[in-house]
2 protein chains.
Amino acid sequence: MNQLQNYSKFRFVVAGFVVIFAVFLCSVSYAAQDPLPSWNDGSAKTAILGFVAAVTEKGGKDYVEPAQRIATFDHDGTLWVEYPMYTQILFAFERVKKLAPQHPEWKTKQPFKALLAGDMKTVGASGMKGIMEILMATHSGMTAEEFEREASNWLATAKHPKFDRLYSECIYQPQLELLAYLRTNDFKTFIVSGGGIQFMRPITEKNYGIPPEQVVGSSAVAEFQIKDGKPEIIRLPKINFVNDKAGKPVGIYQHIGRRPILAFGNSDSDMQMVEYTMAGEGRRIGLFVHHTDGEREYAYDRKSHVGTLDKALDRAAAMGWIIVDMMKDWKKVFPAK
Amino acid sequence: MNQLQNYSKFRFVVAGFVVIFAVFLCSVSYAAQDPLPSWNDGSAKTAILGFVAAVTEKGGKDYVEPAQRIATFDHDGTLWVEYPMYTQILFAFERVKKLAPQHPEWKTKQPFKALLAGDMKTVGASGMKGIMEILMATHSGMTAEEFEREASNWLATAKHPKFDRLYSECIYQPQLELLAYLRTNDFKTFIVSGGGIQFMRPITEKNYGIPPEQVVGSSAVAEFQIKDGKPEIIRLPKINFVNDKAGKPVGIYQHIGRRPILAFGNSDSDMQMVEYTMAGEGRRIGLFVHHTDGEREYAYDRKSHVGTLDKALDRAAAMGWIIVDMMKDWKKVFPAK
């Protein structure tokens, strides 16, 4: 091989690298252009991208200081699956079975008796009052650390009946991208859920990149005690705060202390949070997940036993709320396993 | 001037720059060595520096993950002056005078009558019950935004009687350095105060670099209402939570959801927060400001009408709590104006 051939070969190799590098650059630049790859193009995605561009454009008329970029997300049905039953209720049911040997009185006391007999119709008929009794009995009488351990252990093993996944893995890929995209744009992301604040906290950092102190939820009364010589928080069987419906804006006020500029829910329980968010000054956005995807997830709205979306659906157009159609707007529902 | 002279002059100039640069380097390196310049050398400063070094040393036996580096500070008397009276109480007194024309019934109702007549002895004799009545009457019946405006406006003008400073400027320089130092070392800093959460929030970001959502405090019950067609939070004349004494660990649990590894207070009201902090696993530190400086600030402890430091002082040595002696440990009390 002479010098010229060598040179020619060298040029060929260089050209090859240039092509590879160009392809790499294009893919990088495409990714930079699409921070929400699991969202299909459509009005919802356009609205989100337009909103974030507007509030982050320095000197623009809709510019919002980073400190004021507060985004609040409901949890059940907005960030993870809530169908056919809220995960925390299932956890409570399991705990009744586990704790039954220490509670002989449950053999004759409703709704515990029905639950232990697998008679879910009677449990359901006990209504909110019955469910609250089950929640109180299973979520109190232990230290904060003990409860956290119970919740963590259960969430680390319990699987969803429809998907071959842990409940804690039934989270929505498009929302993970949205949360990351918002944080990249200096938003502070919060969960504002009707669910129990301490039930969610063990998984929110790992699942969503949201630390415990950015989780707002319903809570039980707690008490400081010296237990066996050790200062501890004890959970009491008494409701402290219900962070649902009109409670959500109140929870936001007490916990966050600023009005969000983005609120994302999926049911009528999130309507007041969205109303409160939208009523502030400047540009804002309110969104609802509409569960339309019976195949990849579930299809339910107006007459559902969980996550009822009815009034909010009727009012959305007039109020300028964005309805995210799971089937049409989400390319993908769950993260790859 | 010949070539040689020129060269010699050049050398002189270079030498001058080298000296200046060396001085600059030394000062930079000294600043890097002393993140707490307003703290005098002594056991308190040594304990703080040692603690932060230990929990941030990767691979060290006391290493703590950044996410777990939670530091909680009391507010009154720990971050700003609380003597001769808590700032928020003074704000409430001023509001009684301002609101009096709309409340003719106060002319005959105690403790309002005494307060309006300047009879502070009778106001004091009305005790906690009387003070709570004044707080409720002056801190409720308005929207969240209205209250924030009232508090902000007052804090922007009200001056401390001893220092030629706004109350909001009577903040401790050594603590500002400590907060910044902790954040540089990936701590998340929180205020955990017996004071009203919404009274503090308008100033904590500017004063201490602590955003509203990292302020935990006492609160009034709030309600979501549609007022004049606008969704608003309304403050009600009812106590929601008292974040004091045994309430502090509970407030930390509900609001932050993690046990701090550093807690800093100044009175017996902070004792449970410090006990709770110290009782966790791994290395921890608990500190109290001891107000010993009658000249630069105030000297008070066991028998004070505000910020009583008595039991905590007795227990400190046995419990390994650090007592920070304001006179000895702080080179400077307030920031330069």
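Quick caveat: nothing in here was measured; it's all calculated off a predicted structure. So you know, we letter chains A, B, ... as the sequences are listed, proteins then strands, and number each from 1.
- Note: H255(B) and H255(A) have parallel aromatic rings, judged against thresholds of 30 and 60 degrees for the angle between ring planes.
- When heavy atoms are compared at a cutoff of 4.5 Å, E148(B) does not approach chain A at all.
- Residues R258(B) and P211(A) are in side-chain contact: their nearest non-hydrogen atoms beyond the backbone lie under 4.5 Å apart.
- Residues I233(B) and P249(A) form a side-chain contact, since some pair of their non-hydrogen atoms from C-beta on lies under 4.5 Å apart.
- A distance-only check finds a donor-acceptor pair linking the side chain of Q254(A) to the backbone of A220(B) [under 3.5 Å].
- Of the listed residues Q225(B), M278(B), R235(B), the one with more heavy-atom pairs under 4.5 angstrom with chain A than any other is R235(B).
- Between A67(B) and E205(A), the closest heavy-atom pair is CB-OE1, 4.3 Å.
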For this session: Could you check Q198(A) against Y253(B) for side chain to side chain contact (heavy atoms under 4.5 Å, CB included), going step by step and ending with a plain yes or no?
Result: CA-CA 9 Å; Q198(A) 309 295 357; Y253(B) 176 57; 3.2 Å; yes
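- F224(A) places none of its side-chain heavy atoms less than 4.5 Å from the side chain of K245(B).
- Taking chain A as the reference chain and counting heavy-atom pairs below 4.5 Å, the highest number among G257(B), G217(B), G280(B) is found for G257(B).
- The part of I197(A) that comes within reach of chain B is its side chain, from C-beta onward, which places non-hydrogen atoms under 4.5 angstrom from that chain.
- Of the possible polar contacts, none joining the E223(B) side chain to the A246(A) backbone as a donor-acceptor pair under 3.5 Å is found.
- Crowding of K311(A) atom NZ: a count of heavy atoms from other residues, nucleotides or ligands under 6.0 Å not exceeding 12.
- With chain B as partner, the option from F241(A), F190(A), Y276(A) having the largest number of non-hydrogen pairs under 4.5 angstrom is Y276(A).
- Under the 4.5 Å side-chain criterion, counting only non-hydrogen atoms from C-beta, K188(A) is in contact with E213(B).
- Side-chain contact between I226(A) and E275(B) is present, with at least one heavy-atom pair separated by less than 4.5 Å.
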